[in-house]
Number of protein chains: 2
Amino acid sequence: MVNSQNEIDPGEPMPTPDRTSLDEIVSAGRELLESEGLAGLTMQAVAIRVGVRAPSLYKRVRNRAELVSLVAEATARELGERVDAAAVAAPDAPSRLMVLARTFRGFAHDRPAAFGLLFAPGSELAIDADVLAGSSASMLAVAAELSGPDHALDSARTLTAWAYGFVSMELSGAFRLGGDVERAFEFGVHRLAEALAARPA
Amino acid sequence: MVNSQNEIDPGEPMPTPDRTSLDEIVSAGRELLESEGLAGLTMQAVAIRVGVRAPSLYKRVRNRAELVSLVAEATARELGERVDAAAVAAPDAPSRLMVLARTFRGFAHDRPAAFGLLFAPGSELAIDADVLAGSSASMLAVAAELSGPDHALDSARTLTAWAYGFVSMELSGAFRLGGDVERAFEFGVHRLAEALAARPA
DNA sequence: ACCTGAACACCGTTCAAGT
DNA sequence: ACCTGAACACCGTTCAAGT
């Protein structure tokens, strides 16, 4: 059986097949983050989950900070995908804006811990710029359609900032003055949709 | 010298005067937070700074989480004071709203680490409800004046969410698509001031 | 009463030694 | 090559012993 499909480069050292992978590690990290919180996202806990000892993780990841960044990046990518997928269904720009905002909020409710990682202040985690840009592409597109090209970036930032701030405060329990949080969100989207619309002159 | 001003309740044990205080501990925590980041806000570092060993801190504070909450609470109080002080100068509601927003942003730039603690997602820190309410009182007042009593709370939440979100994203370096961040902020306040104004019918 | 050293359980990380 | 145990420096926290 020369050159069978199981053949390996001859002479190369290959004692055993890899027992884990970067993907598996990041996935374990994401699961732990959501189930145990950021403090539970431990090198030891991740290692056990992928069937390896903690020191082995350092073969695929520089340190815990990099692992956390990779988890945040994966989260940003998933958020972008969900938002993009939701946007296509809406017929016009204003309704698309509302669908985007509600999808954004829904994602945060589904994955609160991961969402908290995205723009976490003072965390120094470096999400890849392209990934972040990708996840805000739909926002930018709606903003351009709604506000015109001159104000596209400003509008997108206003919208994203509001949505992020609202959901962050909601998740951290900052809305304690009672009232209907759901209604406050809808109030916000509607007023913003009007406020960002292009105006004469 | 019977009953001099140095007299102490007789019979009570009082071997030595206290070597530190809760205020001193919280102050040390705030300084460390800003200079070293949240990870540098260590029980040991705080203890050394107030001239004591780490175990002694547990006489005034239940654990590190409570200390961090106290730091956040002090920060919320200071933010509220600054915002309130700034609001009085502005002549009318729309300009008051802009002054509030800019003061809010200025505070975040001055104390980025402490600001990051305020509504930090997933942090589980319990800021005293009254303190938080106090720090948003000015926001609520302007919102009521601008939007009318029916929409005061919704407007205040829209405004606060936007301001918090904008500054958080700014501080975490999320605005990477270039453009003028300063201009984006001013764009946001102006559009929001218009959007939140009471409307006919 | 407040303060301390010593101890414990737990981190992240490094590294020489195994396969 | 990947994996491991052992070790290191550092945490937060507890507690008995000092004063």
Side-chain angles (χ1 to χ4, degrees), chain A residues 6-26 28-29 32-33 35-72 113 117 122-126, chain B residues 6-26 28-29 32-33 35-72 113 117 122-126:
Chain A
N6 288 329
E7 196 98 21
I8 307 292
D9 281 357
E12 294 299 319
M14 180 152 192
T16 79
D18 292 3
R19 231 167 293 186
T20 184
S21 67
L22 183 58
D23 271 4
E24 215 181 352
I25 290 169
V26 173
L32 273 166
L33 173 63
S35 63
E36 311 294 331
L38 184 56
L41 172 33
T42 294
M43 296 302 270
Q44 295 207 41
V46 170
I48 289 174
R49 211 166 245 257
V50 303
V52 108
R53 304 294 182 137
S56 297
L57 299 180
Y58 292 82
K59 283 288 158 181
R60 334 259 177 191
V61 132
R62 200 165 11 134
N63 48 32
R64 182 177 179 271
E66 187 181 276
L67 175 52
V68 172
S69 285
L70 290 172
V71 167
L117 227 52
S123 72
E124 292 298 336
L125 80 166
Chain B
N6 287 330
E7 196 97 18
I8 306 292
D9 281 358
E12 295 298 320
M14 180 151 191
T16 78
D18 292 4
R19 232 167 294 187
T20 185
S21 68
L22 183 58
D23 270 5
E24 216 183 351
I25 289 170
V26 173
L32 273 166
L33 172 63
S35 64
E36 311 293 332
L38 183 57
L41 172 33
T42 293
M43 297 301 269
Q44 295 208 40
V46 170
I48 290 173
R49 211 166 244 256
V50 302
V52 107
R53 302 297 182 135
S56 297
L57 299 181
Y58 292 82
K59 283 288 158 183
R60 334 258 177 189
V61 133
R62 199 165 13 132
N63 49 32
R64 181 176 179 270
E66 188 181 273
L67 175 52
V68 172
S69 285
L70 290 172
V71 167
L117 227 52
S123 71
E124 291 299 335
L125 81 165

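Numbers restart at 1 for each chain; the letters A, B, ... are given by sequence-line order, proteins then strands.
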Stems with DNA chain D, 3 or more Watson-Crick or G-U pairs in a row (under 3.5 Å), are C:4-8 with D:12-16, C:12-16 with D:4-8

Rounded distance [0.5 Å steps], CG in B:L57 versus CZ in B:R64: 12.0 Å

Between A:L22 (CG) and D:dA1 (P), how many Å, whole number? 17 Å

A:L22: side chain to side chain contact (heavy atoms under 4.5 Å, CB included) partners, not counting sequence neighbours: A:V26, A:R60, A:V61, A:L70

Which residues satisfy the salt bridge (charged side-chain N to carboxylate O under 4.0 Å, His left out) test with A:E66, sequence neighbours excluded? A:R62

Roughly how many Å is it from CG in A:D18 to P in D:dA1, rounded to a whole number? 11 Å

Straight-line distance of B:L117 CG to B:L38 CG, nearest 0.5 Å: 6.0 Å

Apply side-chain contact (heavy atoms from CB on, under 4.5 Å) to residues A:L67 and A:M43 and explain how you reach the verdict. CA-CA 9 Å; A:L67 175 52; A:M43 296 302 270; 4.2 Å; yes

Under a 4.0 Å heavy-atom criterion, the protein footprint on nucleotides 6-18 of chain D, written with B, S and -, is B----SSBBB---

Partners passing side-chain hydrogen bond (donor to acceptor under 3.5 Å, both in side chains) against A:S56 (at least two apart in sequence or in another chain): none

Side chain to side chain donor-acceptor pair (under 3.5 Å) contacts in which one or both residues fall within residues 38-55 of chain B, not counting sequence neighbours: B:E31-B:R49

Can you see if the side chain of A:S56 gets near the phosphate of D:dT4 - specifically, an N or O under 4.0 Å from OP1 or OP2? yes

Counting distance only, does the side-chain N/O of A:R19 pair as donor-acceptor with the main-chain N or O of A:V50 below 3.5 Å? no

